[in-house]
Amino acid sequence: MEKILGKTKIDDWVAALSDHPQEVGRGCKAAEAATTTHWQVSAPVLEDGIWSYQSGSGSVQLEHSNTTQPPKGFSFPQREVFFSFEQIKGEPPKLTQKLPQATRHAVFGVRPCDGCGAVRMDKVFSDHVADTYYTARRSNVAYVGLACNQPQGINCFCLSVGGSPVSSDGMDVLMTDLGDRYFVAAVTDTGKALMAAGNSVFSEPTAADRKQLQQTHAEAIAQPQRAINNLDAAPAKLKASFDSPLWEELARACIGCGVCTFLCPTCHCFDINDENTSATPIKGNRVRTWDNCQFPDFTMHTSGHNPRESLGSRLRQRVSHKFQYFHENFGMPQCTGCGRCITECSVGIDIVNVVNKVAEHAG
Amino acid sequence: MSHSQAEVTQAEASGEFEPRIVAFLCKWCSSAGSDLAGVSRMQYPSNATPITVPCSGSVSPMYILSAFKKGADGVLVSGCHIGDCHYIEGNFLARRKIHLVKELLGFVGIEPDRFRMSWVSAAEGAKYSNVIKDFVEDLKPLGPQNKMKADRS
Amino acid sequence: MINIQDMRDTARGLLTKKEVRAVIGYRRSTNGMLAEPVVITDPAQADELIWDPTCFHNLSLYLVEDRKFLTHVRKTADAPIAIVAKGCDARSIVVLMQEHYFERKDVYIIGMSCEGSGVLDERKLAAKGIRATDAAFDGDDFVFATAQGEQRIAAREVMADRCLECREPFPKEHNAVLGENKTGRELNAPFTALHRFEELDAGARWKFWEHQFERCIRCFACRSVCPMCYCEECVVDSISFPVTGQTSAEEKANRVRWIERSATRPENMTYHMTRVLHLAGRCIDCNECERVCPVNIPLRLLNNKMEREAREEFGYEPGASIGGPSLTASFLDTDPGKFIR
Amino acid sequence: MPDNIYLPELARIAHIKEEISGERAIKTYRVEPVNGGGFEHNCGQCAMLSIFGRGEMMISIASSPLITEYKQFSVMRVGRVSAAFHELDVGDVIGIRGPYGNSFPVDDWRGKNLVFIGGGVGLAPIWPVITTAVAQRADFKNISVFYGARSPRDLMYKAELERLRGDADIQLSVDKAEEGWKEFCGFVPANVLDKKPSPNNTIAITCGPPIMIKFVIQNLQQLGFADEQIYTTIENKMKCGLGKCGRCNVGKDYVCTKGPVYSWAQLKQLPEEY
Amino acid sequence: MTKKRTGVFVCHCGNNIAATVDVTKVKDAMANEEGVVFSQDYVYMCSDPGQNSVIDAIKDNNLDNVVISCCSPNLHEKTFRDNAKMAGLNSFTCEIANIREQCAWVHKDKDEATAKAIKISRSAVRRAGRDQALEPIAVPVTRKALVIGGGIAGIQAALDIANAGVEVILVEKLATIGGHMLQLSETFPTLDCSQCILSPKMVEVSRHPKIKLMTYSEVQEVSGSVGNFKVKILKKPTYVDPELCKICDDCASVCPVVVPNEHDLGLTARRAIHIPFAQAIPASYTLDESACLGLNPVRCGKCKDACDVGAINYDMQPQTITEEVGAIVVATGFDLYAQEHMNEMGGGKVEDVLDGLQFERLCSASGATKGHVLRPSDRTVPKEVVFIQCVGSRDPAQHCAYCSKICCMYTAKHARLYKHHVPDGRAYVFYIDIRSGGKGYEEFVQRAMEDDGTIYLRGRVSKLYRKNGKVRVLGTDTLTGQNVEIDADMVVLALAMEPSKGTGEIAKTLKIGRDKDGFLAESHPKLKPVESVTAGIFLAGCAQAPKDIPETVAQAGAAASKVIGLLSQPTLSHAPTVARVRNSHCSGCEMCVTACPYNAIHLEHGKAVVNEVLCEGCGSCSATCLRAAIEVKNATALQIHEMIEACLA
Ligand SMILES: Cc1cc2nc3c(=O)[nH]c(=O)nc-3n(C[C@H](O)[C@H](O)[C@H](O)COP(=O)(O)OP(=O)(O)OC[C@H]3O[C@@H](n4cnc5c(N)ncnc54)[C@H](O)[C@@H]3O)c2cc1C
Ligand SMILES: Cc1cc2nc3c(=O)[nH]c(=O)nc-3n(C[C@H](O)[C@H](O)[C@H](O)COP(=O)(O)OP(=O)(O)OC[C@H]3O[C@@H](n4cnc5c(N)ncnc54)[C@H](O)[C@@H]3O)c2cc1C
Ligand code: SF4
Ligand code: SF4
Ligand code: SF4
Ligand code: SF4
Ligand code: SF4
Ligand code: SF4
């Protein structure tokens, strides 16, 4: 399904989505309960000096540079309660599952790198066994993407990692800015349903529209970006460089803050902890929270032994995970080239530079 | 569970908001002062649960923050009068530290009346009972403290 | 005006003569125009060093890292380590020495005077819509290279707030110093933002902080970047903790959990309140914490609040003397006590 | 796999035995499902054990898959959850989810000699293999067990080992001699070198502290064992056990799904991140 | 969450607790707490059967720690800790939940009090669950005592201690010992001569081989703790060598300076160089530097010239002497509340209005008038004398809230002494009521009324002023309801007693508390009346509260026996609840070192190290350390954390 949406009409579409309960979802059980819920529309808003996804304003303006935080939190929130427990003295514990409340989110303005991020997250959370909580949320999230006519910042490099500024990977709908209007293309069935809900606000694309679309995409792809020199060789080069002293050198300035990973659209590491609310009877929740391979205790054994003790080994983990391990497991790099980890790193650790340097060094 | 019943009735019976106060009392003056209030049978509201610590100087700001985080509606730190500290100068150190805590709490917008420090000597049973009475009175209009209280649902 | 070459020469000289074992300084990053911290050990690398308005990092953090590393490998240093330090950075080195983190002889401070200006606030520049590829000092101006050519902007328009309020843009504690001493120049009154904020009533203040505390994602970048947050184990969180051969099962099992890992408002708030209380009298307003916060939490307001209390109520200036007692480990008979009933 | 991969089942502590006391105490627990649930496992697999309010930890299942009524775990008291475990009483209810990880290819080893080399609490992960092999004694040729600890007091499963003596060759050792100790004195790898098990048609299975494993492998190689004949397990910090939480990886492998059992031939291929 | 085995014992305290706290409910609630395996209530936990039940329950239930919910730990913590010990537990694993003073006695609503008692008990359970077994720390003892104040209290304490063979340093700030008793003429209830009974004791002090007497001296600094105090004593220069002084008075007779004599409360005068009174101990003159024209032959130098034996030395310097002692008795006595405070009584400005001590001096054979009662203004025999009681006492609104206890008695004494001196005179006593508890006291007062014909008027004096050479006293007789107006020749005010000047400073120096009236605070009003709040420091005499001589002497003896008992032990046990450093966390920042009031911490190899003998366990270090690297045992952050939780659950 491909349509044209006048820029002024975007709010009408949003209103239609918010008003019309839709039966969609990817066959998840929660979807049944969700039949009467409306779409909650989120879109980037500039507040406190940063772009972040926010919902409920009713008005969507897609003039953002990419958000500081990727949209991964919609399906993988920073905090997820698995279940609550209660144990009265002398009795067995009682567990109560806390499955996510099915709110359906239509996330507008998702950039192609983050769409690709969703693809990678889906892989992780469905590989081996499906993650109960991720699946439940993911089936209720739809991404309405926006192609990048221009790179979002000086650190974009999606082209280098097999993506494209106009990629529809991971999107349900992809919109392209054609000046006064958007070219809107459904990518999935959910996308079609989303567009169907807005039915009357769209118009049919003309041949000229299509031509402009093609031209816009072509121009977008032609925009210069930062470059990873040889992506295909990266896994092997990284593998060969595992013991390289270069890692420590490259990580010398790293402060181990983990901003790079918390903001990464594909970082998925987490911790599980019991948060107690009462000591007698013992009550609390088992909670999943984001964790971070750049934190020093991430892999520390109880004995104090730490397989990744140094900053270098942790930088190596992050970069190798993105460019080698993930590739070995899923046949694609995990990094989607959004450039956040470069832009937000307070000390200038630059993944593009790191991969290139390591590759260069490996010869 | 019988043990929580009593706590429930307290709030329910009056129907009024009953603030929950954690009172850190130094062992030598304020705890002794509250003992004296007891010996003198001075009546005061039961909202404050005392925790006896060696000295007001041993009250780490963490204790205060933690009490609020665990849902205290008010926190009291009480020690010996300046110059009377059993440990010579523990309360001087406390005064400085607690000043900072108090300022900070107010700064972020927590009602200043939720946190209190007092000097109550071993001889000031009446003062202790008044401190608690006043504190409870001041807290009542504020209602429950939810700003810092951990919500772990 | 500081001549970059002087700094490079100083560094080179120190390394050549083996007076220091390394120099911590700035070099150009691969991320646009920004500077990045670098540790050089080879005199030949001295030419990589730069000095420009993007040298905002407080490098004393790397003195801490260095000291941690040495402890970890159980080595003692054979020579001091040199560090490029602005006025604020030098104050943080003083605090570290005051807390015996290392001794004066362990560091060689190459002081850099901020002279008439200070460093850039990237966010202010971005707000002006300027995308620069290079930045340089020039008197009271910053000069940026952009795609549209050279852009000259009065430094005070894009300077970091803390620099605008800095009373000591000259590193008092130093071994060598570059640039003129222009101590005492204040472009703005100190605590400008703080004063403005304090005019709000408690309700408005709470609304503001409630929003901010809700936004924190607890990446702890603010803590990681702070040279004063050098604790082996942070009391409010166990993201890092010192498990050693002697750490008993008891100790591991009984670690107090003041906060949970969940980035919810009360947990975040407890973290931030603790952080700022722990930095009272120690924070020297390098504002690195606020700079690195990916979601722009205004941490400087909190820090400044404590700083002003320390200054006005206790007559205490953080980073003023290596020998003096720490703020919260000392007291005066005249400390305020009116708030006590 | 259950619907909710993170939701433990309830299990009751049926029996507790104190193996070793002191600072690094070890206790062995027999755990029975509470509601008739439970799961089957293979030798070498692990399970996530919960104490609600304290957290979860990954522990090897130390009982043979042939035993279906209960599962056995030996837990060393080292930290938050394990310390809480040591305070449990019989009848207390815990949480359990699993089984996780791969397993020893015991079926491939039928008709072969088995040499087990364990140190300290490292006997637990290989104990199911030992007991299974002994239970199916006829399927295997020589079975020998090298086991050592710091002192006689630090040896676990002492009585059980004695009972195996007829079926298996039991070689015990302690690091430091003590009065009355009649067996080998010295480190486990040295004991192996001393007794010289033959590599012919033999599989060596080792588990213990990393440093011990390192020397055991060196010594086995010296005795002529090929990389494919040596098996071990590795332990990395785990939170989910399901290949998602992202911390137990060794290179591309998440130990919780691809491990913990590796032949030395496989392990050599992986970067040293354990 | 601990799986230690805790036992809880909830006391009814007869009805003291049970009347307001539902004890059974508390017991049941505690039984539900994690870790509690035994919970019981009993009518009197501190009774023999109560204590036995604790011991038995510990043994029978294999308890690891116990919580007694009862009265203040000040009362029975020791009792129950001893019980725990008897049952084989470590005494430090026993905690007291104070549900009486801090709960039952201060609340009326049973539900509320019960809920609070539960919280208090629960938090004690949490604390106990994490208590470490601790053994007291043995500290060697310095067998020497310090007595501060040389009044009858100090003299008696010093003699008692010294007679037990323990060395004593007696420090007196004035030039002679003796205190106020030296100023009294005859003493109630027997009317024997004060100096006659005091002087022999003073001489004994000066001759006692075990007593080192330091007059004209003050304690400046005290550090250390029980068993091992270090004191710095400042000895002010008297400019006269007591060894050489012959008390010939040659110096004083040439001294040109005349100042009021404080010993006679200004009723007489003395010279700048003087002896406070003839039988002063030490028997030596003292040069009052503040009155002297200048310690310089150029300015005066007359006395030095006059002294044949060369006892006068203008170059004498103040000396600071450091002594180590194991125990201290504080006997710094009282002062009279100043007349200036009493505006309604003329504020000290009306002539012939005297305070009690001045009257003592008037009656004293060694006093201003050589024992003749003459009024100061015109040296005539007063025929009408009004004695006013409770001046400044029992007046919480304006003056002292407390009763000075002895004024009734000494006023009766004064009236009688007056009548003995001036049999035809008339003595009136204004009183609020008569407090004459004490052996033979009531009879003494009766005699004043009946035998000596003193006119007792019940009522207050509202005003007095000078009129026609007399003092007009306006008052009311509340028994008749009539206003009374007396034109008296002399008025004697029974002024309140207050702690002697400098008591505040000495309390600070010694780190001991004071009560609301400024008297030194005893550790417990009933059970530890001579102990101060600081271990090893004891109280005697009027420094603790107004009292008469027999009581003072008794208390001095009691303090002495405490000191002797303390110092007879080879070692003292120091509370083991001291700070402990977690090396892994300590960064060596020295903040704790600066904060510790006892200088108990130093750094070794970059880590803090606590001197356990000096550490008092105040926790200042732990609250100051940013890294939780130092904690006080059994008052750890984890314990407080869990207690907070318990209070809010
Ligand atoms: C495959 C495998 C098999 C194993 N088999 C055995 C075995 O058979 N027997 C055996 O004894 N051991 C075994 N282990 C080791 C065992 O898993 C660890 O000893 C155990 O996890 C220690 O848990 P703990 O809670 O006691 O330790 P801790 O280190 O105290 O804590 C463990 C976890 O609790 C959380 N935690 C603790 N404190 C905090 C805090 N303050 N804040 C937030 N989170 C906190 C952390 O997330 C931490 O990861 C095995 C390990 C693996 C990987
Ligand atoms: C008018 C009057 C009449 C009385 N009549 C009687 C009577 O008849 N019978 C009776 O039993 N009682 C009588 N008393 C009470 C009696 O005087 C007291 O009980 C007694 O004097 C108390 O002795 P003391 O040692 O405690 O104090 P004081 O006599 O006050 O002695 C304290 C001593 O300590 C010294 N001192 C103070 N501070 C310091 C310091 N910082 N360092 C060193 N030294 C210091 C003082 O100089 C003084 O020598 C009378 C009291 C008054 C006021
Ligand atoms: S690379 Fe940068 S953002 Fe990532 S942990 Fe290191 S310093 Fe932080
Ligand atoms: S304030 Fe900012 S830098 Fe600090 S933890 Fe929160 S999000 Fe991270
Ligand atoms: S916040 Fe406090 S405890 Fe945490 S690292 Fe900083 S100074 Fe240390
Ligand atoms: S708290 Fe922030 S401003 Fe203060 S010293 Fe640390 S990083 Fe710098
Ligand atoms: S304050 Fe804490 S970190 Fe600093 S020296 Fe003392 S114990 Fe160590
Ligand atoms: S508890 Fe700490 S501060 Fe207090 S006396 Fe002991 S060492 Fe000193």
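The chains referred to below are lettered A, B, ... by the order of the sequence lines, with proteins before strands, and numbering in each begins at 1.
Residues of residues 128-135 of chain B lying under 4.5 angstrom from chain C, judged on non-hydrogen atoms, do not exist.
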Show me, pair by pair, the donor-acceptor contacts under 3.5 angstrom made by side chains of residues 321-333 of chain C, not counting sequence neighbours?
unit_1, atom_1, unit_2, atom_2, d
C:S321, OG, C:G324, N, 2.9
C:S330, OG, B:R96, NH1, 3.4
C:S330, OG, C:S326, O, 2.8
C:S330, OG, C:L327, O, 3.3

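Looking at C:F197, the atoms closer than 4.5 Å to chain B (heavy atoms on both sides) all sit in the side chain, from C-beta outward. Of the atoms belonging to C:E313, it is side-chain heavy atoms, and not backbone ones, that fall under 4.5 Å from chain B. In this structure, no portion of C:V256 lies under 4.5 Å from any heavy atom of chain B.
Classification of B:K147 and C:E210 as a salt-bridged pair fails, no side-chain N sitting under 4.0 Å from a carboxylate O.
The residue among B:I82, B:L93, B:I98 with the most heavy atom pairs within less than 4.5 Å of chain C is B:L93. Heavy-atom pairs under 4.5 Å with chain C peak, among B:R116, B:K70, B:K149, at B:R116. With chain C as the partner, the residue from B:K102, B:E103, B:K97 showing the most heavy-atom pairs under 4.5 Å is B:E103.
For the pair B:L105 and C:M273, the minimum side-chain heavy-atom distance is below 4.5 Å. Residues C:W209 and B:I110 form no side-chain contact, since every pair of their non-hydrogen atoms from C-beta on lies 4.5 Å or further apart.
Here the side chain of C:K305 pairs no donor or acceptor atom with the backbone of B:V108 at under 3.5 angstrom.
Exactly one of B:H99, B:R95, B:H81 qualifies for a side-chain contact (heavy atoms from CB on, under 4.5 Å) with C:I340. That residue is B:R95.
Checked against ring pair (Phe, Tyr, Trp, His ring centres under 6.0 Å), C:H272 has the following partners two or more places apart in sequence or in another chain: C:F213.
Sorted by first and then second residue, the disulfide (SG to SG under 2.5 Å) pairs involving residues 17-80 of chain B (not counting sequence neighbours) are B:C29-B:C80.
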